[in-house]
Amino acid sequence: MRIDRIELYHVAMPLIYPWRTAYGEDAAIHAVLCRIVSGSVDAWGESAPFAAPCYSPECAVGVFSIARDWLAPALLHQELPTSTELQNRLAIYKGNPFAKAMFDNAWWSLKSKISGEPLHRLLGATRDQIPVGADFGVMDNTDDLLAAIDSAVADKFPRVKLKFRPGWDLEMLRAVRQRFPDQTFHIDCNSGYRLKDLPLFQEVDEFRLAMIEQPLQHDDVIDHAELQRQIATPVCLDESATNLRTVQQALQLGSCRYVNVKPGRVGGLTNAVAIHDACQAAGIPCWVGGMLESATGAAHCVALGMLPNFTYPADIFPSSRFYHEDLSSPPLELMTLPDGTPGVAAPATLPEPVTERLKQRTLEQVVLT
Ligand code: MG
């Protein structure tokens with residue numbers, strides 16, 4: 001597949017409610033989308049590192065400029081028969097997984113369109129549906145959170161994830177556990193703590209959580225290994241799991257008992273599949289997360305989530321959860337699985353940006369030919 005043209009769009013997608021985590025608050029999700037054209041076929045990729053470099057060292061303005069100045073020129077007019085070839089062409093540029101993911105994911109979409117094979121099948125999946133979990137950010141008060149969990153439990157979500165940060169921690173967890181003694185919960189700390197907070201996490205053990213997601217620094221696997229040795233609750237790496245090598249080191253060190261895989265954070269679907277395979281070989285289950293992408297990027301997460309070692313319910317949300325109107329069409333919708341729990345089906349067609357909406361939300365764009 002030869003890449004004849006690349007278009008880049010830095011967009012701001014306004015959220016219905018601000019997204020509050022341990023690292024701050026976003027009123028709009030900043031993402032970069034690329035449209036790659038090969039002959040008469042085109043395909044889209046999306047990367048949503050957010051506006052500020054607070055989730056990871058990357059941010060949307062940075063991804064746009066790295067993609068425009070370095071990555072896109074390295075791919076333009078090149079023959080890219082495999083995604084490994086694409087990754088090899090980008091390998092000279094260090095880091096920047098979000099920027100690379102946008103092109104890697106677009107390559108997979110292009111491959112799917114040209115071959116006529118559904119994306120999840122191309123990735124090696126044999127399932128067509130997976131369960132999804134519910135996920136709640138920091139709220140104004142605990143009563144609001146309990147009401148939100150009430151409706152998630154009524155809707156039969158198999159597990160609930162809670163954001164956890166100083167000031168929204170043990171007291172919140174105690175109230176939640178008291179009200180819902182049997183529901184599966186886990187917390188996501190978004191690297192808001194340090195190893196000196198070990199006593200706090202030892203207290204968390206009593207709440208019988210499925211896991212503690214990314215308690216410590218965004219780039220750490222060593223302190224996480226120490227923490228995992230001293231608590232009973234499984235640790236899950238998210239922010240730290242940026243590439244295959246780091247994940248292999250984490251597996252060796254015993255830094256975690258779960259790995260969250262986001263195609264954006266690991267440099268695209270190619271690397272995400274490799275991480276999935278390494279974890280599977282090590283007996284460590286994975287689950288898929290997203291970055292509040294539009295339906296275009298979310299479809300890549302959904303397709304990935306169909307692989308067999310993604311056994312914990314995914315962080316995949318319907319478009320209507322976050323957006324009055326998704327940038328892309330068709331929007332992502334949930335379905336009901338045979339056991340009555342909410343799930344999502346493998347994308348039948350890959351959602352693409354609606355021209356008018358893309359125009360409205362674009363802050364900066366460029367075309368490379
Ligand atoms: Mg997380």
Side-chain angles (χ1 to χ4, degrees), residues 15 18-26 29 31 47-59 97-98 101 132-139 145 157 159-166 168-169 172-173 184-194 197 201 204 209-221 223-224 227-228 233-243 246-247 250 255-267 271-272 275-276 279 284-293 297-298 300-302 304-305 310-317 321-322:
L15 290 165
W19 182 242
R20 273 185 226 159
T21 63
Y23 50 79
E25 183 167 323
D26 286 276
I29 295 302
S47 175
F50 297 168
C54 292
Y55 171 80
S56 86
E58 288 179 273
C59 64
F98 274 100
V132 299
D135 186 330
F136 299 110
V138 177
M139 295 192 177
L145 176 64
F157 278 95
R159 60 89 178 152
V160 175
K161 160 172 163 171
L162 307 167
K163 290 294 186 184
F164 189 87
R165 71 178 183 189
W168 184 257
D169 44 32
M172 174 276 291
L173 212 45
T184 300
F185 288 102
H186 85 263
I187 54 172
D188 184 4
C189 308
N190 288 112
S191 63
Y193 295 87
R194 300 295 175 260
D197 299 308
F201 291 111
V204 167
L209 301 179
M211 69 186 79
I212 301 171
E213 189 181 338
Q214 196 69 33
L216 309 180
Q217 285 97 325
H218 73 93
D219 55 357
D220 171 79
V221 295
D223 285 0
H224 280 96
L227 178 69
Q228 183 65 94
T233 312
V235 169
C236 169
L237 292 184
D238 178 3
E239 282 89 332
S240 289
T242 49
N243 57 70
T246 303
V247 170
S255 313
C256 61
R257 294 190 201 140
Y258 278 95
V259 175
N260 174 289
V261 184
K262 296 182 169 71
R265 197 195 59 234
V266 303
N271 301 342
I275 289 171
H276 163 277
C279 290
I284 298 289
C286 300
W287 56 290
V288 162
M291 296 292 296
L292 283 66
E293 296 94 341
H300 290 123
C301 300
V302 172
L304 177 69
F310 289 112
T311 53
Y312 190 72
D315 254 357
I316 303 281
F317 309 102
R321 163 82 196 280
F322 295 115

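For ligands, and for the atoms within them, numbers begin at 1 and follow the listed sequence.
A side-chain donor-acceptor contact under 3.5 Å links Q214 and S240. Using a 3.5 Å distance cut-off with no hydrogens or angles, the side chains of D238 and Y55 do pair a donor with an acceptor.
Annotation: ring-ring contact (aromatic ring centres under 6.0 Å, His included) contacts of H186 (sequence neighbours excluded): W287, Y312. For A31, the side chain to side chain contact (heavy atoms under 4.5 Å, CB included) test picks out V11, M13, E46, A48, with sequence neighbours left out. Contacts of T242 classified as side chain to side chain contact (heavy atoms under 4.5 Å, CB included), with partners at least two apart in sequence or in another chain: T246.
Between atom NZ of residue K163 and atom CH2 of residue W19 there is a gap of 5.0 Å, rounded to the nearest 0.5 Å.
Protein N/O/S atoms closer than 2.8 Å to the Mg ion (ligand 1): D188 OD2, E213 OE2, D238 OD2.
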